[in-house]
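Reminder, nothing fancy here: chain letters follow the sequence lines and each chain counts from 1. Just so it is clear, the structure is predicted and the values come from calculations on it, not from any experiment.
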Protein chains: 2
Amino acid sequence: MVKRAAKGSARAPRRTDGLSRKLIIQTAIEILDSGGEKALTLRALTVRLSTGYGAIYHHVADKSDLLATATDDVITGVLSGAVADADPRTGLRHLALGLFDAIDAHPWVGAELSRQPWRPALLDFYESVGRLLEALDVPQEARFDAAGALVNYVLGVAAQNAANARLRAGGDTDRETFLKDAAAQWAQIDPGRYPFVHAAATRLGEHDDREQFLVGVDIFLAGIAALR
Amino acid sequence: MVKRAAKGSARAPRRTDGLSRKLIIQTAIEILDSGGEKALTLRALTVRLSTGYGAIYHHVADKSDLLATATDDVITGVLSGAVADADPRTGLRHLALGLFDAIDAHPWVGAELSRQPWRPALLDFYESVGRLLEALDVPQEARFDAAGALVNYVLGVAAQNAANARLRAGGDTDRETFLKDAAAQWAQIDPGRYPFVHAAATRLGEHDDREQFLVGVDIFLAGIAALR
DNA sequence: ACCTGAACACCGTTCAAGT
DNA sequence: ACCTGAACACCGTTCAAGT
């Protein structure tokens, strides 16, 4: 004999609104943004969503599915606003900068993309790069290599930038150790043996990562122009 | 009352030779090479070395220390043989290719370097790149940006190549799922909406990753030449 | 269909205890 | 000094059971 609550009244279940894949992923993104990759545990999700493990696994295959979809979401959100009909060179710079900024804002995306650079959400990015290269009169055969190289560069820098951001915005107890380690490493550089790196290190403080990233893109574009 | 074996005879201790940090890291590299990052667990190490956990933690700070040092070892081993006194352009190509091949042979190194691109072992790489750029008459101010961009490109491609290698050489049960997923994703590409990516995908089979990597390096060098 | 939460197999790391 | 291995805190994932 099971008691049933009167229809439409007080039963007060855990969630009245019902869980959805969308809500789960959105919550995952929030956790990732505020606490980094380490903070995203299934436990943390159940707490934030006040449900059980099974509820989550009912909407999501596993944790990697969760991470991949969250990454897709962020990327699509960013790229959708890009690429007007401007000059192809400016278009490429805008595109690259869009990805850079997105990964700067969500460092965990950089790590995930370098693990899985073939996610569907990047299709639009590749496609746009390809078209802009075509507009730049890069010959067919060279276009694929050029696009691959450019995308790799963007993702590479972005991943490194993400690693830096992880250091900066620690919040963990690790942070002190990390910064101390980094400082110790820089200090160890022997100016006699490593004059170039030493000079680069001292210059590092006055430098804007975003600007340096753009210089790299420009070097690329200049090299691509030589393919024409 | 504890029984003691007669002096100098049968006692058969766990290890007669004595553990060392070097041996631990060497064994870790073997495990990583044969089974990938997932295979390197503290448990696996204790079994292979027939010791206890504490023995390992006596020589090594923690698992990330282990991974970082293993990465350093591989990189130093590779770069030591590089860079003769050839033409700077060839020198840069050789240098880049050396790192590429090393990461191709040890995919886990790629993942680790993209996580920590400032490891001391990379100092020689940066330094060599810097000097070769100087030999190429790249002006001082542009040299740092150019070096950063090039190194980022190399590490970016290498990391992606490592991700690919991880798929190819699975050995796990995951492998089938991975390949199936990848194939499904490629098949989903709409040639109407993504003509460029679709063309790139069909061309992908006939392409040598190593060669494409070199094309990227050449684009870079061409772009750098424009800075002169 | 959707959700619960105890249970499972597995991590990295610690630490009292041994030699 | 160097090593042992049980124990701890914490993972992701499963699954019988509930509604």
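- Between A/Y53 and A/L45 there is no side-chain heavy-atom pair separated by less than 4.5 Å.
- Here D/dC3 is the nucleotide among D/dT14, D/dG5, D/dC3 with the atom lying nearest to any side-chain atom of B/L19.
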With salt bridge (charged side-chain N to carboxylate O under 4.0 Å, His left out) as the criterion, how do B/D73 and B/K22 come out once you've worked through the C-alpha distance, each side chain's angles and the decisive distance to 0.1 Å?
CA-CA 10 Å; B/D73 272 23; B/K22 203 172 175 179; over 6 Å; no

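- For the side-chain hydrogen bond (donor to acceptor under 3.5 Å, both in side chains) test, residues two or more places apart in sequence or in another chain that qualify with B/R93 are B/D218.
- With respect to B/E37 and B/R115, a salt bridge is recorded, a charged nitrogen being found less than 4.0 Å from a carboxylate O.
- Atom CD1 in A/I56 sits roughly 11 Å away from atom C1' in D/dG12 (whole-Å rounding).
- Note: CG (A/L66) to C1' (D/dT13) measures 13 Å, nearest angstrom.
- The distance from atom NE2 of A/H58 to atom C1' of D/dG18 is 14 Å, rounded to the nearest whole Å.
- As rounded to whole Å, 10 Å separates atom P of D/dG12 from atom CG of A/L67.
- Between the side chains of A/T69 and A/D65, at least one donor-acceptor pair of N or O atoms lies under 3.5 Å.
- By the 4.5 Å heavy-atom criterion applied to side chains, B/L133 and B/L92 are counted as neighbours.
- Of the two residues near DNA chain D, A/Y57 and B/G52, the one whose nearest nucleotide lies more 5' is B/G52.
- Checking C/dT14, D/dT14, C/dT4 against every side-chain atom of A/Y53, the shortest atom distance belongs to D/dT14.
- Proximity of the aromatic rings of B/Y153 and B/F213 is defined here by a centroid distance below 6.0 angstrom, and this criterion is met.
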Would you write the dot-bracket representation of DNA chain D, where each base gets (, ), [, ], | or . depending on whether it forms a Watson-Crick or G-U pair under 3.5 Å and with which partner?
||.|||||...|||||.||

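- A/L45 has its CG atom 13 Å from the P atom of C/dT4, to the nearest Å.
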For nucleotides 8-11 of chain D, list the nitrogen or oxygen atoms of the protein found under 3.5 Å from its nitrogen or oxygen atoms, one pair per line.
none

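- A/D209 is not listed as a side-chain neighbour of A/D104, based on a closest heavy-atom distance of 4.5 Å or more.
- In this structure, CG of A/L49 is placed 14 Å from P of C/dG5, rounded to the nearest angstrom.
- Taking every heavy atom of both residues into account, B/A149 and B/F220 meet most closely at CB-CZ, 3.3 Å.
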